[in-house]
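Here's the structure we're looking at; comments come further down.
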Amino acid sequence: MATDHSIVSSREASSQPGSGAFPELEPVLRRQGHRPDGLIEVLNRAQELHGQLTPALLRHVAAALRLPLSRVQGTASFYHLFRFKPPAAHRCVVCTGTACHVKGADALLRALERELAPGGATEAAGAEAIELGTVRCVGTCGGAPLVVVDEQVWNHQTPASVLAGLRGLRR
Amino acid sequence: MSGILRVCTAAGCAGCGGSALREQLGAVIAAATTGDPASGLALKGVGCLGPCGEGALLELESASGRRLFGGITPEGVAAVAASLANLSPGTDLGTWAPPAARPIDLEQPFFRLQKRLVLEHCGRIDPESLAEALAAGSYGQLRRVLQENRPEAVIEQVRRSGLRGRGGGGYPTGLKWATVARMPGPEKVVVCNADEGDPGAFMDRSVLEGDPHRLLEGMAIAAWAVGASRGFIYVRAEYPMAIAHLRTAIAQAEDQGLLGAAIAGSAFGFQLELRVGAGAFVCGEETALIHSIEGQRGVPRPRPPYPAEVGVFGLPTLINNVETFASVPPLLAIGAEAYAAIGTTNSGGTKVFSLTGDVRLAGVLEVPMGTPIATIVETMGGGAPDGHAIKAVQTGGPSGGCVPANRLDTPVDYESLQELGSIMGSGGMVVMDDSTSMVDVACFFMAFCREESCGKCIPCRSGTVQLHLLLQKHLAGEADAADLAQLESLCHMVKDTSLCGLGQSAPKPVLSTLRHFRGDYLALLRPEPEATPEPVP
Amino acid sequence: MSVRTLRIDGRDLAVPEGTTLLQAAREAGIAIPTLCHLEGLSPVAACRLCLVEIEGTDKLLPACITPASEGMVVQTATPRLQDIRRTVVELLFTEGNHVCAICVANGHCELQDLAVTTGMDHSRLPYRFPARRVDLSHPFFGLDHNRCILCTRCVRVCDEVEGAHVWDVGWRGEHCRIIAGLDEPWGAVDACTNCGKCVQVCPTGALFHKGDTTAEKHDEPAQLQALVHARHHQQWNP
Amino acid sequence: MSSGTGPSSSATSSRKVRLATVWLAGCSGCHMSFLDLDEWLLELAELAEIVYSPVGSDVKTYPEGVDVCLVEGGVANADNLELLHQVRTRTRVLISFGDCAITANIPGMRNMLHGADPVLRKAYLELADGSGQLPHAPGIVPELLERVLPVHELVPVELYLPGCPPSAARIRAALEPLLQGGWPELSGADLIRFG
């Protein structure tokens, strides 16, 4: 349809779905038999390969599994771990599970939010390269409070120790 | 020099030096064995050794017995490796005292009072080796039941054992199996709920990382007993090591004919697939879990129909959690009567707990059902550290409640905990000392439920937000008695009207703290505003 | 077909097997409020307005999906249920931005009506004033997320009746919102056939005809029911 | 949760009821609707004394000992808030009068911008023709509150009269019993519909 010409369909900007657009997804699509129930497995793999789920990827997956676009987007956006923006160079995830909460994860998170926010003390030092996130328990509560930086667990942290560590990453 | 060195490489220890320790000790032993082919020194990376708060952990086993060392930091790893390298070839491993490591007494209650059935091999075997699992007896019960060829007898054994769902609900496992077995139709499905989402709970992770074959065997037995030929393990993405070990284990078992077609030479076939979640606590709810396995949004639907009738792909489906399936092989090994005798009348067998929070010895432990909470947190866990006293023990995560200190004599069984307004839950036990504000704890769990609500039904989607706002108002000291009354009544409304277990139990941490720690709430109320003028006569 | 006898609000009723409590009550002239339910679409039991009390169980059950069973004793309007329904309506009002006075559906809105029937003359819970968007990219229709109560009637009618599946629910929890295509402007989604069924079944002013102004929107659920009936039974009532 | 019920008895016939009306952040439509009471206003004057009202009195300070007050509008600025607290402490029966008082309604739509500053910037800078400027006249122009709030989120309210505006008939249905020493029971689409 799109009789309203002021709207540019994002389809025009993306590659056409079909075989060959994302050949790297073929193995997982085949393993899932191109069945709709494999959607989450396919999305997991797509994000693993591309760091995020772009509209082009989502269109390709929808076409390959014969699913309506809104079904694919609705499902992908339901789950916390799927992302629709490119990842930053570094990722700092504060655990906000029960044990970490009891040991001060809240203060840790607030301090990091402040420091890494635009205008925060560390912004000038390149904070945009660090993405701050949270996770509800990684199940290694002995090290509370902890953060996970680029998949590495840093145990028993304070705001100062995390910031010092993050500054080290930037260099 | 002979003996076994076991390094805990479970996620907790791996992150604080365990991986490096395994690597460097491995290098030392490799170098030593090239010079001394007769060396009987073996290094194993094993699953959880228990006291996770003490990691990284190293266990030494020699002719003179087993010894455990903890507190090894990433910085101390090199010193431990160097010390091992410097041992003269004739030294008994039993006399070696690794530097930069703290000996942990294996005779203390934390270890002595455990009854390890589910965790029998966890921490003993290399979880990535099928040979070790087989040597420890894995798949023996599967082979036996296939040979005896009486599925109904297996279900009867499970029923008589008194085993109940270890995921929290406590539904009798034998009854569930019998229901699915009775369902008509040629195709059925078995699902393992490994979406261990309660913050502060990591029992299932320990099993998945430390002894995955025990789970696979339990699932295969269940599939055979109920007549299922397909299975899924739904595991949360936050457990990368568990996923890796499961993938390895499934491939190994298929290779050896213990999964797949014609298992162990029988006519029974069982195709097992791994489904990795993508971050949604609500997928622990069984109808949401089914939707997620089917590749959809993980939203629950009303029951009935129950999954036993209409489950994955509309097929009759048996859903149990990790610990329930993992309890089956040992249960069959020791016999239903012996298993039932371990626990209480209404709750048979053992239960695995993860103990964290304000407690001296944190970690994973397995005890007989009916063990008093005090035994677990005080005798085994050593109580609260730093001169503090225990104020409460939280069980059941966001769906559970807080047991006050004066009720710690309560035995851990389904009914007793329910009576206190909490639940057994999956086994997370978070100890809180006397510096803890219970309103803050309630607010924490409500924030969790708010974040994890799927959004389908209005009481949970919007009610958890309003409850969270009300709790924040209390914490800010801005609430009055009317707010407290509203908090309480909205809790009941959300509990009574939400569509699924997440919403129905979301108010429990509030209601349980209101019941046992009302003073914490009252202390935060602001004084009553000035009364409105009296009616004019 | 076998018959089930039951009692609703003190009245003895006999209904065919498979009848839901909601159908049984409505046929007997007993009004149970609903919002997500719409005859002709699959039930989702999400709004919880139709919860009823049933003797012998502590659990409140949704009348829209609970089949009548033999000997059931049902209460549909106890003070407890009435308070629950008012709270549900308050939760709906406070999570969106419902400004009746300037709404296209003013006077013909199911949510506005429910406030009256549940006696909600004010909300005891605070308004949240979320920042939400309006999508006017479609040539004929508009979608004002401020007024959306996530009943998912539009999602279901587009999937089950029109077969286009333009809509779905995106995101989760308090961030849930109705999405078109890949969360795109509605006007950019090729799958839309411009049939307007979603607008027709929307209980509030969230979906509307672009030409309509305040109080001009009328919903016509009977049209949908006629359509579904015609399709299933090949019977038309012109 | 139970809805609040107000004091059960009202003024006796021995003296006139002291009636006030107050206009906070609203369009004054509710007050216009009040004037729509037409000839009943004469009857009202027999039973009540208007002691404070933008449409019925020249008194500048809210008096003590008011029996019934109709409060129109949401609470949007410091002056609104100050007046409301006066009303509350000096009034026996406070009626939340119209949708703005009950839901914040149209004035409350600015709350979607989350804060007074974003609202001022939007109105006076972003949408300004030419060179905009933020208003700043301390002591003359009252400071905006961060959010426009319904009356009952700030002070207790005895009675709610929804509508945008509530019709004259609805206003009468609420006032008449109060003036006669009773308490109105408001329900049904004619009496409590929003909008």
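Labels below follow one simple rule: chain letters A, B, ... track the order of the sequence lines, proteins then strands, and each chain is numbered from 1.
Contacts of Gln152(A) with chain B are absent, with no heavy-atom separation under 4.5 Å from either backbone or side chain. In this structure, chain A has heavy atoms under 4.5 Å from both the backbone and the side chain of Ala447(B). With a threshold of 4.5 angstrom between heavy atoms, Glu452(B) approaches chain A through side-chain atoms but not through N, CA, C or O. There is no contact between Val312(B) and chain A, counting heavy-atom distances below 4.5 Å. With a 4.5 angstrom heavy-atom cutoff, Cys454(B) touches chain A via backbone and side-chain atoms both. Heavy atoms of Val276(B) lying under 4.5 Å from chain A belong to its backbone as well as its side chain. Contacts between Arg205(B) and chain A at a heavy-atom distance below 4.5 Å involve the side chain alone, from C-beta outward. With a threshold of 4.5 angstrom between heavy atoms, Ala11(B) approaches chain A through its backbone and through its side chain. For Phe448(B), the parts lying near chain A are the backbone and the side chain together; criterion is any non-hydrogen pair under 4.5 Å.
Most heavy-atom pairs under 4.5 Å with chain A, from the set Glu451(B), His291(B), Glu238(B): that is Glu451(B). Heavy-atom pairs under 4.5 Å with chain A were tallied for Gly357(B), Gly363(B), Gly55(B), Ser292(B); the largest tally goes to Ser292(B). Note on Gly279(B), Gly397(B), Ala237(B), Ala278(B): by heavy-atom pairs under 4.5 Å with chain A, the leading option is Ala278(B). Contact count versus chain B (heavy atoms, under 4.5 Å) is highest, among Val153(A), Thr75(A), Leu39(A), for Thr75(A). Top candidate by heavy-atom pairs under 4.5 Å with chain A, chosen from Gln394(B), Gln296(B), Glu54(B), is Gln296(B).
Between the side chain of Thr513(B) and the backbone N or O of Pro509(B) there is at least one donor-acceptor pair closer than 3.5 Å. Remark: side-chain polar atoms of Thr395(B) are not paired, donor with acceptor, to backbone N or O of Met429(B) under 3.5 angstrom. In terms of modelled atom types and a separation under 3.5 Å, the side chain of Glu285(B) and the main chain of Thr287(B) share a donor-acceptor contact. Under a 3.5 Å cut-off, the side chain of Thr317(B) and the backbone N or O of Leu315(B) do form a donor-acceptor pair.
Under the 6.0 Å cut-off for aromatic ring centres, Tyr239(B) and Phe202(B) do not qualify, their centroids lying 6.0 Å or more apart.
For the pair Val93(A) and Val149(A), the minimum side-chain heavy-atom distance is 4.5 Å or more. A 4.5 Å side-chain heavy-atom check between Val207(B) and Val352(B) finds every atom pair outside the cut-off. In this structure the side chain of Lys456(B) never reaches within 4.5 angstrom of the side chain of Arg297(B), judged on heavy atoms. Phe445(B) is not listed as a side-chain neighbour of Leu471(B), based on a closest heavy-atom distance of 4.5 Å or more. Using a 4.5 Å heavy-atom cutoff, the side chains of Ile390(B) and Val377(B) are in contact.
For the pair Arg230(B) and Glu273(B), the salt-bridge criterion is met [side-chain N within less than 4.0 Å of a carboxylate O]. We find that Arg275(B) and Asp195(B) are not joined by a salt bridge, their nearest charged nitrogen and carboxylate oxygen being 4.0 Å or further apart. Checked for salt-bridge contact, Lys391(B) and Asp520(B) meet the test: a charged N lies under 4.0 Å from a carboxylate O. Comment: Arg236(B) does not engage Glu196(B) in a salt bridge, judged by the lack of any side-chain N to carboxylate O separation of less than 4.0 angstrom.
Between the side chains of Ser77(A) and Gln73(A), no donor-acceptor pair of N or O atoms lies under 3.5 Å.
None of His90(A), Arg83(A), Lys85(A) except one satisfies the side-chain hydrogen bond (donor to acceptor under 3.5 Å, both in side chains) rule with Glu131(A); the exception is Arg83(A). A side chain to side chain contact (heavy atoms under 4.5 Å, CB included) with Val72(A) is found for one member of Leu53(A), Leu57(A), Leu58(A) and no other, namely Leu58(A).
At a heavy-atom separation below 4.5 angstrom, chain A is approached by Met432(B), Asp440(B) within residues 431-443 of chain B. Of all residues spanning residues 95-108 of chain A, those with a heavy atom less than 4.5 Å away from chain B's heavy atoms are Thr96(A), Gly97(A), Thr98(A), Ala99(A), His101(A), Val102(A), Lys103(A), arranged by number. The interface of residues 41-52 of chain A with chain B, defined by heavy-atom distances below 4.5 Å, comprises Glu41(A), Asn44(A).
By the side chain to side chain contact (heavy atoms under 4.5 Å, CB included) test, Cys137(A) is found to be paired with Cys141(A), Pro199(B), residues two or more places apart in sequence or in another chain being considered.
The two atoms that bring Gly428(B) and Ala201(B) nearest to each other are CA-CB, 3.9 Å, heavy atoms only.
The CG atom of Leu502(B) sits 5.5 Å away from the CZ atom of Phe281(B) when rounded to the nearest 0.5 Å.
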